[in-house]
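I have placed the structure first, in the form of structure tokens, so that the comments after it can refer back to it.
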Amino acid sequence: MKRMKLFISPLACSMATRTALEEIGRPAEYVQIDHDTRLAPDGAAIHPLGMVPVLHTDEGRVLTENAAILQFVAAGTPLVPDEPWQRTLLHRWLSFIGTELHKAVFIPLLDPKAPDGAKAYARGNAHARLAVANDHLAHREYLLEGYSVADIYLFTVLNWAQATPLCVSDYAGLAAFFERMKARPAVARVLAAEMEAFAVERGPLKSATPSTRADYPRPA
Ligand SMILES: N[C@@H](CCC(=O)N[C@@H](CS)C(=O)NCC(=O)O)C(=O)O
């Protein structure tokens with residue numbers, strides 16, 4: 001049997017699967033792709049769009065898409081609830097985070113290739129979408145009844161805010177959630193490892209400056 005292999009890039013959305021694996025104590029081999037070529041260290045192309053995450057399962061199957069990978073690796077553990085309504089809510093939050101936050105807000109803000117119009121569009125999208133998650137978390141510890149892979153994905157995405165004009169601290173529910181997540185030993189271990197790998201690959205993470213934040217529409 002082959003060993004599960006996860007292709008990653010430091011601090012990218014692949015960090016969510018790595019964190020889920022760390023939380024459940026499931027071993028995997030982590031392979032960092034080249035940031036510029038988007039190829040594996042042996043030169044192999046691993047994703048048709050050059051993206052991470054990509055999972056090679058123990059049986060040698062290949063799986064892409066963060067939401068699917070998260071549910072696959074943590075299936076049968078409390079991180080992926082079986083109860084039908086909780087499972088439905090898990091899909092709901094994974095879809096919301098993947099489309100409304102990850103792609104509609106953070107990717108255009110973070111991608112140096114995104115034109116100014118795309119960045120402005122993303123800034124315009126941000127507040128209403130962050131407010132949905134913030135309001136939901138105002139009186140809850142986690143997105144579902146218990147801790148799940150959706151929380152891990154949300155944490156991974158919110159961690160990008162420091163490199164954008166967005167301020168998680170503007171949103172009390174999200175800020176408390178973010179601190180709660182960072183206090184989890186598995187989350188802290190993976191975050192520290194990926195911060196270090198990011199710095200080795202691309203230098204220390206550059207935070208947004210107050211002037212880049214000045215034109216960002218803040219919550220009232
Ligand atoms: N739909 C994909 C999106 C994955 C994605 O956006 N990955 C980013 C990192 S967070 C990436 O690899 N981007 C590199 C690129 O677009 O060249 C998924 O959910 O897995």
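Keep in mind the model is a prediction, meaning the values are calculated, not measured. Numbering of ligands and ligand atoms starts at 1, following listing order.
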Kindly print each ligand 1 N/O atom paired with any protein N/O atom under 3.5 angstrom away, one pair per line, or none if nothing qualifies.
from	atom 1	to	atom 2	distance (Å)
ligand 1	1 (N)	E65	OE1	2.7
ligand 1	1 (N)	E65	OE2	3.2
ligand 1	6 (O)	H102	NE2	3.2
ligand 1	6 (O)	K103	NZ	2.8
ligand 1	7 (N)	V52	O	2.9
ligand 1	12 (O)	R38	NH2	3.1
ligand 1	12 (O)	V52	N	3.0
ligand 1	19 (O)	E65	OE1	3.2
ligand 1	19 (O)	N66	N	3.4
ligand 1	20 (O)	N66	N	2.8

Expected list for residues 74-82: side-chain donor-acceptor pairs under 3.5 angstrom, two or more places apart:
from	atom 1	to	atom 2	distance (Å)
T77	OG1	A74	O	2.8
T77	OG1	L79	N	3.2

Donor-acceptor pairs are to be reported for all side-chain atoms of residues 174-182 against protein atoms at under 3.5 Å, with residues two or more places apart or in another chain.
from	atom 1	to	atom 2	distance (Å)
R180	NE	E141	O	3.2
R180	NH2	R140	O	3.2
R180	NH2	E141	O	2.9

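Hydrophobic cluster membership of V62, counting Ile, Leu, Val, Met, Phe, Trp and Tyr whose side-chain heavy atoms lie under 4.5 Å apart directly or via other members: F7, V31, I33, I46, V52, V54.
In this structure the side chain of P53 reaches within 4.5 angstrom of the side chain of L6, judged on heavy atoms.
Q71 and H91 form a side-chain donor-acceptor contact under 3.5 Å, judged by distance and modelled atom types alone.
A distance of 6.0 Å or more separates the ring centres of H136 and Y142.
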